[in-house]
> 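Here you go, one structure.
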Number of protein chains: 2
Amino acid sequence: MEVAARAGVSIKTASRALNGEGYVAHETRQRVQQAADELGYRANGMARELRLGGNTSTLIGMLGGDLGNPFYSKLASGLEREVRFRGLQLVTVNTDEDTRSEQRLTDALLERRVRALVVASTLPSHEHLAAEHRHGIPFVFVDRPPVGLSADAVLLDNRGGAHQAAAHLLELGHTRIGIVGDLSRLSTNQERVTSFGATLRAAGIADWREHLIEDAHDVDTAQRAVLDLLRRDPAPTAIFTTNNRITTGALRVLHRLPAPPALIGFDELDMGDILGVTVVTHDPENMGRQTARLLLERLDGYAGTARWVILPTRLIPRASSRRPPGTG
Amino acid sequence: MEVAARAGVSIKTASRALNGEGYVAHETRQRVQQAADELGYRANGMARELRLGGNTSTLIGMLGGDLGNPFYSKLASGLEREVRFRGLQLVTVNTDEDTRSEQRLTDALLERRVRALVVASTLPSHEHLAAEHRHGIPFVFVDRPPVGLSADAVLLDNRGGAHQAAAHLLELGHTRIGIVGDLSRLSTNQERVTSFGATLRAAGIADWREHLIEDAHDVDTAQRAVLDLLRRDPAPTAIFTTNNRITTGALRVLHRLPAPPALIGFDELDMGDILGVTVVTHDPENMGRQTARLLLERLDGYAGTARWVILPTRLIPRASSRRPPGTG
DNA sequence: TTGAAAGCGCTAACAT
DNA sequence: ATGTTAGCGCTTTCAA
């Protein structure tokens, strides 16, 4: 250690001084501190952890496909606040929904020995994590469940939420309802779409898939999908959008229409109340807290079977669903 | 290395096999690979980097006070996409605007030897980073400039944007204009407020500070501040909000009013066009790209003086500022 | 094609 | 109160 030399002490004494361990003469400590400052010295955390055996990291990794989405950022924020109490730090990485990226970033986090990993994955399978998981590093999956791997998860009641949305529209007399969905391979989307459809079918609407458009993954695509639905004859009198981005796209189209169809979106919107959009809402920050809870219990030694927490959703009726089927 | 033992080879051979270096017998490689799989082995990135001397990390750290804010998440996303081309990975940490947290997280990232650091700091000074910086690890400050330290930065033309907002309102005939600002210690806020005020003063409005409320850091506080302004007699006929959160708070109040004052907000809003809110906008993703550019040039060896990039802002007039001063 | 030894920066254990 | 030795898991260098 360069610092030790400059201060004229042994390497170990320098270490003691810098780490504030006892048994260092006042004057020595000062000399070391000064040398360190002059050199711009910073302890090498990697070497320390390497020496200490690897489970001293205070880093929790979180991996997500689209952490820019307010849903995930609120989730992360709830999680972060919770783990911070325990002296743990959250680092997040964004995979941009790119599978290769997700692989590489998972490796990077794991190789750097994060203490635990929170995964909001878009991958179709997580078997590549199985070995790691058996080795003891805790994973908690959020929003989307682990596949090919038994691990803790915090999920939404997607089926329940979609069911409420469908029931609400049926009650208002709608029978021709369009659905605009996200990537069809995503489990969240599948659950929302199929549950919504099942409720329609149970009400005697057998051909609900006629008005289903999926894979509208961004706002622009969603806009086009909604336009497509509206141009049909007869056009749907109501539309269900399966997430916040898609709802945004739908709003961009609908707000220009003199007599727009009814609208229900999954996920609350920042301006949902102002815009009067009926939504199926839930509490992302609470999701973060639940995630933290599972994580911390694992860190505290719980080694039982994987636990899944399913969080409730709630329908908030607002103006956008009050438009009766006749108006369109 | 446990794997080596299990495969019955030397530790070095195992290393070679796993890293795909040449000169390993086919059969040996397979044996090693199998042993690794069975053991759930994962290379220890810390040990590798330690051995390699420390500048092999592919991690870029980004530190922000409120990465959940769409402004920062868009910025991060622009940055991420850019560095990914270079095989670099972005990890972000959120300090929740907490000074102690910011300190600790900076240390954590630096101790883990990230390759470079992007800082959206809320600290009043960054002198503690000076030594580090001299040591060669590149910093790029975004949104808020470095203080007590000479480093690259990507900033917004806050003064210009605020000036445009003020000029726009003056042109429309407003003379009693409320301002709701963020934390007064933040340089961004100071620039926006003082520039806005200077433009008013130049137009003969000397008492503009009468209608200034600062430190409205979250949506709720902003709501209360706007209500406070509106209850005054005479109330302002227009309001300028210095960031997206505050604008959101203002909208919550104004949208319920029969004859709301005019409104201009700094930062674009997700639903800005739908809601018809006049804003001073800019391009956060581009900010991320510019940040990446400065960063990568440093990584490529540029060692010249610090460079500041100031990005333009643009006024988008929409319905919310078309409300004339007489209406309120 | 494989292996042995040394050392990256650090700290625990044991001297002194 | 301070120093020495060993070793964390890896890779580089040199040898076999």
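Note on naming: letters A, B, ... go to the chains in the order of the sequence lines (proteins, then strands), and numbering restarts at 1 for each one.
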> Could you pull out all residues at least two apart from B:D143 that satisfy side-chain hydrogen bond (donor to acceptor under 3.5 Å, both in side chains)?
B:Y72
> My understanding is that only residues two or more places apart in sequence, or in another chain, count here; which of them pass salt bridge (charged side-chain N to carboxylate O under 4.0 Å, His left out) with A:R86?
A:D300
> Is A:S10 near enough to D:dT4 that one of its side-chain N or O atoms lies under 4.0 angstrom from OP1 or OP2?
no
> Mind checking what makes ring pair (Phe, Tyr, Trp, His ring centres under 6.0 Å) contact with A:Y41, not counting sequence neighbours?
none
> Suppose we screen for side-chain hydrogen bond (donor to acceptor under 3.5 Å, both in side chains). Which residues come up paired with B:S121, at least two apart in sequence or across chains?
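If we apply the side-chain hydrogen bond (donor to acceptor under 3.5 Å, both in side chains) test to B:S121, skipping adjacent residues, the hits are B:E102, B:H126.
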> Classify every nucleotide of nucleotides 6-16 of chain D by which part a protein heavy atom approaches to under 4.0 Å, writing B for the base, S for the sugar-phosphate alone and - for neither, in 5'-to-3' order.
BBBBBBB----
> Applying side chain to side chain contact (heavy atoms under 4.5 Å, CB included), can you list everything that pairs with A:R293, at least two apart in sequence or on another chain?
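Side chain to side chain contact (heavy atoms under 4.5 Å, CB included) check on A:R293 returns A:Q290, A:E297, A:V309.
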> Quick one: bend of the helix from C:dT1-D:dA16 to C:dT16-D:dA1 from 5 pairs per end, to 10°?
40°
> Reading DNA chain C from 5' to 3', where do the contacts with chain A start and stop? Cut-off is 4.0 Å to heavy atoms.
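Nucleotide range with atoms under 4.0 Å of chain A: C:dG9 to C:dA12.
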> Scan for salt bridge (charged side-chain N to carboxylate O under 4.0 Å, His left out) pairs involving residues 68-77 of chain B, sequence neighbours excluded, and state none if there are none.
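Only B:K74-B:D270 qualify under salt bridge (charged side-chain N to carboxylate O under 4.0 Å, His left out).
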> Can you run down the salt bridge (charged side-chain N to carboxylate O under 4.0 Å, His left out) pairs that involve residues 61-73 of chain B, sequence neighbours left out, and say none if there aren't any?
B:D66-B:R245
> Using the test ring pair (Phe, Tyr, Trp, His ring centres under 6.0 Å), find all partners of A:H217 that sit at least two apart in sequence or belong to another chain.
none
> Which pair of non-hydrogen atoms, one from B:R307 and one from B:R298, has the smallest distance, and what is that distance?
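Between these two residues, the closest heavy atoms are N-NH2, 4.4 Å.
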> Taking side-chain hydrogen bond (donor to acceptor under 3.5 Å, both in side chains) as the test, write out the residues that go with A:R42, two or more places apart.
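Once residues adjacent in sequence are excluded, the partners of A:R42 under the side-chain hydrogen bond (donor to acceptor under 3.5 Å, both in side chains) criterion are B:D107, B:E132.
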